[in-house]
Amino acid sequence: MVSSSTLPNGFIESLESIVGADHVRTDDLSRDAYGVDALQRGRRPDIVVLPGRTTEVANIARACDQALVPLTARGAGTGYTGGAVPLAGGVVLSLERMNQIIEIDTASLLAIVEPNVVTADLQAAVEQLGLFYPPDPASLSRSVIGGNVAECAGGPRAFKYGTTKRYVLGLEAVLPTGQVIRTGGKSVKNVVGYDLTQLLVGSEGTLAIVTQVILRLIPRPPARATLRATFPSISRALEAVGTMVADGVVPAALELMDADCIRAIERHHGAETSSEVAAVLLIEVDGMPTSIIEEGERVTHACTAADGLITAASDETERDRLWSDRRDLSLVLRALAPRKINHDVVVPKGRILHLFEVIDRLKTVYRLPMPSFGHVGDGNIHVNILIDPADAEAMRRAEHAERQLFEEVVALDGSISGEHGVGFSKAQFLGLELSSETIALMRRLKQAFDPNGILNPGKIFPKTDKDADQVP
Ligand SMILES: Cc1cc2nc3c(=O)[nH]c(=O)nc-3n(C[C@H](O)[C@H](O)[C@H](O)COP(=O)(O)OP(=O)(O)OC[C@H]3O[C@@H](n4cnc5c(N)ncnc54)[C@H](O)[C@@H]3O)c2cc1C
């Protein structure tokens, strides 16, 4: 692979001839801006290219492949594992100009979109037509469908509705060698050949560049109710969750915040501390108006039986307020320390209490703030280690804490990532969860898609010697 100092002569000009000089950037400001994501550990690309259509993406890929220049696709750059960071320099291909909703087909219940349609914009557009696109990462006002597909993004509604992969019917994608492929299609059933659609979903931009997505939609639930319950302990909150699920309620969202998160939100609002509250559940039920009344009653019963104090949002403003506390939490926590290391570990639902016991132990042993919250219905908890990178000793403790967290999660039959992917920040831990045979097969798949290894090098797989010194 060529390095930044050895870009072939005429390479920049060849990109300009594909997309036009206005859409090729080599200035420092652009290289800085397109070299980072939400992980906050970046690496500048040499060139930023902004194609406007699939044929341009294909020609850029071909040019990079022929010249062995690294190529990294970028959506909105909200990823948490450094997926969009061009570890080896080269070209960042930003899909921001490919941001159109091509079609919403109300009869077939599907939407066809370009990759950089903002998730919330798609949701708003389909809801106007009485339809629903459920995946709702907390970043939905910024993240885009291509990035969601590449990471298989989830969100609070995954408990009832599943994650992005459940809604991807088909893809148009550009291989790193420049060929355009189409996978899946418009029908909800399709068992012809290997399921390449689902292989590409969650492949973190390492196999192909997604240029068009066919998404399944469902009818919009006509009514919803949002409730917030406070509890004296995590275990009582989990007891309430167990009771409501056993009682037949499948909430559209079931979010848990621990005491540290609650305190952070209270401080953010300048509110008084409610020290007796150790856990908050945010619960949303949706469906037919009559069924949500019944489900709301069952939720209330489950919470009060576990000593929960429950309040229901009386209108949309109140609902938005409850949800904005949850959606803002990530950014509120980030403001508390120079660095927030965010891990989205997941365990089988029956083991969430064990996971919180592990987190409590790690906080004490490693003397680190670790506010935790997440999608309790899925067993998917965001464990945030707040740290000052300038404090080398604390950083060492954090590294031990994170390795131990991953080991214990795997021992609980869980996974080191439920939503955010591996990127480069978790690549060194892949072997904790996957066998060497599985990793070897994945490497062979990567090789089949990307024989020259130009697409998003350094991601998912443990570092090779070649990449070792590239990690920022
Ligand atoms: C405040 C905040 C809250 C978040 N909450 C959630 C959450 O609730 N759930 C969740 O799952 N995630 C969450 N995230 C993480 C992030 O938003 C998701 O991973 C999201 O899917 C990334 O989308 P993006 O458009 O920003 O992708 P980027 O960060 O730009 O890219 C992510 C990866 O996708 C690849 N990629 C991007 N576009 C394409 C394409 N067209 N073709 C091929 N590969 C591509 C990139 O190469 C990279 O590997 C959150 C992040 C933030 C900052």
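Counting starts at 1 for both ligands and their atoms, following the listed order.
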Using a 4.0 Å cutoff against the non-hydrogen atoms of [X], which atoms of ligand 1 qualify?
X	answer
I209	42 (N), 43 (C)
N456	47 (O), 49 (O)
A38	53 (C)
L95	40 (C), 41 (N)
A153	11 (O), 21 (O)
G205	43 (C), 44 (N)
A84	30 (O), 31 (O), 48 (C), 49 (O)
E419	7 (C), 8 (O), 9 (N), 10 (C), 11 (O)

Is any NZ, NE, NH1 or NH2 atom of the basic residue among [X] and [Y] found under 4.0 Å from an Asp or Glu carboxylate oxygen of the other?
X	Y	value
K186	D105	no
D260	R263	no
D378	K160	no
E399	R403	no
R228	E255	no
R157	E284	no
R351	D413	yes
D32	R44	yes

Which residue and heavy atom of the protein sit nearest [atom], plus the separation:
atom	answer
atom 2 (C) of ligand 1	Y80 OH, 3.6 Å
atom 46 (C) of ligand 1	A73 O, 3.1 Å
atom 13 (C) of ligand 1	H420 NE2, 3.7 Å
atom 33 (C) of ligand 1	E151 OE2, 3.1 Å
atom 18 (C) of ligand 1	T78 OG1, 4.1 Å
atom 21 (O) of ligand 1	N148 ND2, 2.9 Å
atom 37 (C) of ligand 1	G75 N, 3.4 Å
atom 35 (C) of ligand 1	A150 CB, 3.5 Å

Any N/O pair G79/ligand 1 closer than 3.5 Å: yes
Geometric N/O contact E204 with ligand 1, under 3.5 angstrom: yes
Among [options], which residue places a heavy atom closest to [atom]?
atom	options	result
atom 48 (C) of ligand 1	G83, S139, A76	G83
atom 42 (N) of ligand 1	L71, V422, L140, V210	V210
atom 7 (C) of ligand 1	P115, A138, S143	A138
atom 28 (P) of ligand 1	G77, P156, G147	G77

CA sep, side-chain torsions, deciding dist, call: E204, T206, side-chain hydrogen bond (donor to acceptor under 3.5 Å, both in side chains): CA-CA 5 Å; E204 303 191 38; T206 62; over 6 Å; no
Heavy-atom donor-acceptor pair, R74 side chain to L93 backbone, under 3.5 Å: no
Side-chain (D46) to main-chain (T26) donor-acceptor, under 3.5 angstrom: no
Can you list the steps and then say if S30 with D27 is a side-chain hydrogen bond (donor to acceptor under 3.5 Å, both in side chains)? CA-CA 6 Å; S30 302; D27 61 287; 2.8 Å; yes
Whether A208 lies under 4.0 Å from ligand 1, heavy atom: yes
Ring geometry between Y80 and H420 (parallel below 30°, tilted from 30 to 60°, perpendicular above 60°): tilted
Could you tell me whether R216 atom CZ has more than 12 heavy atoms of other residues or ligands within 6.0 Å of it? yes
